[in-house]
Amino acid sequence: MTVTATSVDEPEQLEPQTRPVPRVVGLARRLLPAAAAALSGVLLYVSFPPRTLWWLALPAFAVLGWCLRGRTWKAALGLGYLFGLGFLLPLLVWTGVEVGPGPWLALVIIEAVYVALVGAGIAAVSKLPGRPLWAAALWTAGEAARARVPFGGFPWGKIAFGQADGVFLPLAAVGGTPVLGFAVVLCGFGLYETVRQVVEARRTSAVRRGAAAVALLSLVLPVAGAFAARLLVSDRAEDGTATVAVIQGNVPRAGLDFNSQRRAVLDHHARETERLAARVEAGKAARPDFVLWPENSSDIDPFRNSDAYAVIDKAAKAIGAPVSVGAVVQRDGKLYNEQILWDPVKGPGATYDKRQVQPFGEYLPMRSLIGAVNGNWTSMVSQDFSRGDKPGVFTMAGTEVGLATCYEAAFDWAVRDTVTNGAQIISVPSNNATFDRSEMTYQQLAMSRVRAVEHSRTVTVPVTSGVSAVIMPDGRITQRTGMFVADSLVQKVPLRSSETPATRLGIAPEMLLVLVAAGGLAWAVSSGVRRTR
């Protein structure tokens, strides 16, 4: 019989012990992605006008890519929402300048939901090959939805509108704001993937060639495409030139109270036009072929008020050129935000009624419900503006002038169809006095610069209180006014009739990118189901 003995002196073999992670360190690790998501949203906001830091959009999306990679849909939903809040809270603060923080916060809370949903989608496709492509397409799809619902949509904050000073701007001529925004976002996610591949290669001493190539292409192709697209950008006159005058009459004071001084606003614009006429007669300014007044330059209906009619007619006769007058007009019991073509000899003629009216500003959705919650709002918007149904193109001294009134400049279709209906230049008459000296004016001015390149047209921006500007078809601002000053701009501008690919293609590039996003999301979902099985 054999007995096996175990020595009591032999030490017992123990499993290696791991040190417990301090609670503070663990909490910091959990909070880091949330903080990074919110701060990267702020970084994206800083890339927007009036700053010219357009390139900050790239690291903003690179950090967002890091935050969302491999997350569950619930975590990604929260991180995307934080990114949306970091971006939209400061970007849209101007919406509360006169009405208080309530509407501003409500708008941001709703709009950030779109970003949250996009964040969940980006996390889902982050496990797929070619993830920057799917992620950028999903962002474009989110912008497409945000530009349409609810209440006709709210496209403010499209990535394209932050790129007026950037190298990607020529891509607007290729496929409009969707293609321009897609390229910027693709480059941002490509930046993250490139950095990630480099770090992984150093850590493992191995290079995944396919993934590295996709990452590098996502970073390089948008930039290369933007430089190639510069061939589409030109300020050459195709149909001769026209001398245009932009009138900024200024308002008695900023804020909503200026509406109670409607006659003073009209007088200011008439006076500035007559002052320009005196300069023309003295040989100090070129004689304009036509004159553009801002939106709401006559809040008094000239068809119902003989005094307003006389003031406008006198100014038109003084300058001796047709004038596009922004007026509030009542017709058949309905209210319209209207542009009136005023001839110095024949008086008022053609009109354009604003088609994309602003919810909660020009009309009140769910009026009875809103009134029950906040009666002050129903008194502020006592009567809803009605919508026009035809594109605005005025023939002014032989020039076809397309009209997109203020808020309409944010909507792709509202600007494009003026060009497809023959516009040789575009005018964006606006009234920003309600928003004081906020960044809203500069954000809207950047939109007009993008539209100029998108459709290869000169864009004029007559504003009641500033900043008014003349923008060349290549996006350059050649003249601009200050804010809350009376001024006029006179310039000879090129007339163009050719159409860019963006003008011809219309909505097609955006729909294609939406389909790409849907395809990537479907692939991610089906892959997840297969893994679960």
Side-chain angles (χ1 to χ4, degrees), residues 32-33 35-44 46-47 53-71 76 79-80 83 86-87 115 118-143 159-160 162-163 165-171 174-175 178-229 513 516-517 519-521 523-524 527:
L32 179 60
L39 290 175
S40 59
V42 174
L43 195 65
L44 180 58
V46 175
S47 74
L53 303 174
W54 56 270
W55 51 271
L56 286 178
L58 304 186
F61 280 104
V63 174
L64 180 64
W66 172 79
C67 291
L68 296 176
R69 184 174 184 272
R71 299 286 177 183
L79 292 170
F83 181 84
F87 172 44
V115 184
V118 168
I122 291 173
V125 301
S126 68
K127 301 171 186 176
L128 299 179
R131 58 185 67 89
L133 171 67
W134 311 117
L138 277 164
W139 184 273
T140 304
E143 285 191 341
I159 299 305
Q163 296 296 311
D165 291 292
V167 298
F168 296 99
L169 180 60
L171 288 170
V174 176
V179 167
L180 172 54
F182 170 78
V184 174
V185 179
L186 177 63
C187 199
F189 285 130
L191 174 62
Y192 164 64
E193 279 299 313
T194 301
V195 172
R196 193 178 73 83
Q197 292 296 328
V198 169
V199 171
E200 188 173 318
R202 287 184 176 179
R203 183 172 56 84
T204 62
S205 300
V207 178
R208 298 169 57 199
R209 293 183 179 178
V214 168
L216 196 58
L217 286 173
S218 300
L219 182 61
V220 172
L221 281 181
V223 178
F227 278 99
L513 290 171
V516 170
L521 202 56
W523 185 7
S527 298

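As a basis for the values below, the full set of heavy atoms in this structure was taken, side chains included, without hydrogen atoms, waters or symmetry mates.
- Residues L43 and V63 form no side-chain contact, since every pair of their non-hydrogen atoms from C-beta on lies 4.5 Å or further apart.
- When the ring pair (Phe, Tyr, Trp, His ring centres under 6.0 Å) test is applied to W54, no partner is found at least two apart in sequence or on another chain.
- For E193, the salt bridge (Lys or Arg N to Asp or Glu O under 4.0 Å) criterion is met by R131, R196, not counting sequence neighbours.
- The shortest heavy-atom contact between A36 and C67 is CB-SG, 3.6 Å.
- Across G190 and P132, no two heavy atoms sit closer than the pair N-CB, 4.1 Å.
- For the pair W134 and L521, the minimum side-chain heavy-atom distance is 4.5 Å or more.
- You'll find the side chain of L128 reaches within 4.5 Å of the side chain of W523, heavy atoms only.
- Between A183 and P222, the closest heavy-atom pair is O-CB, 3.5 Å.
- Expressed to the nearest 0.5 Å, how far OG1 of T140 lies from CZ of F182 amounts to 6.0 Å.
- For the ring pair (Phe, Tyr, Trp, His ring centres under 6.0 Å) condition, the pairs that include at least one residue of residues 186-220, sequence neighbours left out, are F61-F189.
- Distance CG/L221 to CG/L133: 10.5 Å, rounded to 0.5 Å.
- Counting heavy atoms of neighbouring residues, nucleotides and ligands inside a 6.0 Å radius, atom CH2 of W66 exceeds 12 of them.
- For the pair P129 and V214, the minimum side-chain heavy-atom distance is 4.5 Å or more.
- To the nearest 0.5 Å, atoms CG (L513) and CG (L138) are separated by 10.5 Å.
- In plain terms, the two heavy atoms of Q163 and A57 that are nearest each other are NE2-CB, 3.9 Å.
- Counting all heavy atoms, side chain and backbone alike, G70 lies closest to K127 at CA-CE, 4.2 Å.
- Here the shortest heavy-atom pairing between C187 and V223 reads SG-CG2, 4.1 Å.
- The shortest side-chain heavy-atom distance between I159 and L44 falls under the 4.5 Å cut-off.
- Of the inter-residue distances, the one linking T194 atom OG1 with L219 atom CG reads 4.5 Å to the nearest 0.5 angstrom.
- L64 CG to I122 CD1: the interatomic distance, rounded to the nearest 0.5 Å, is 5.5 Å.
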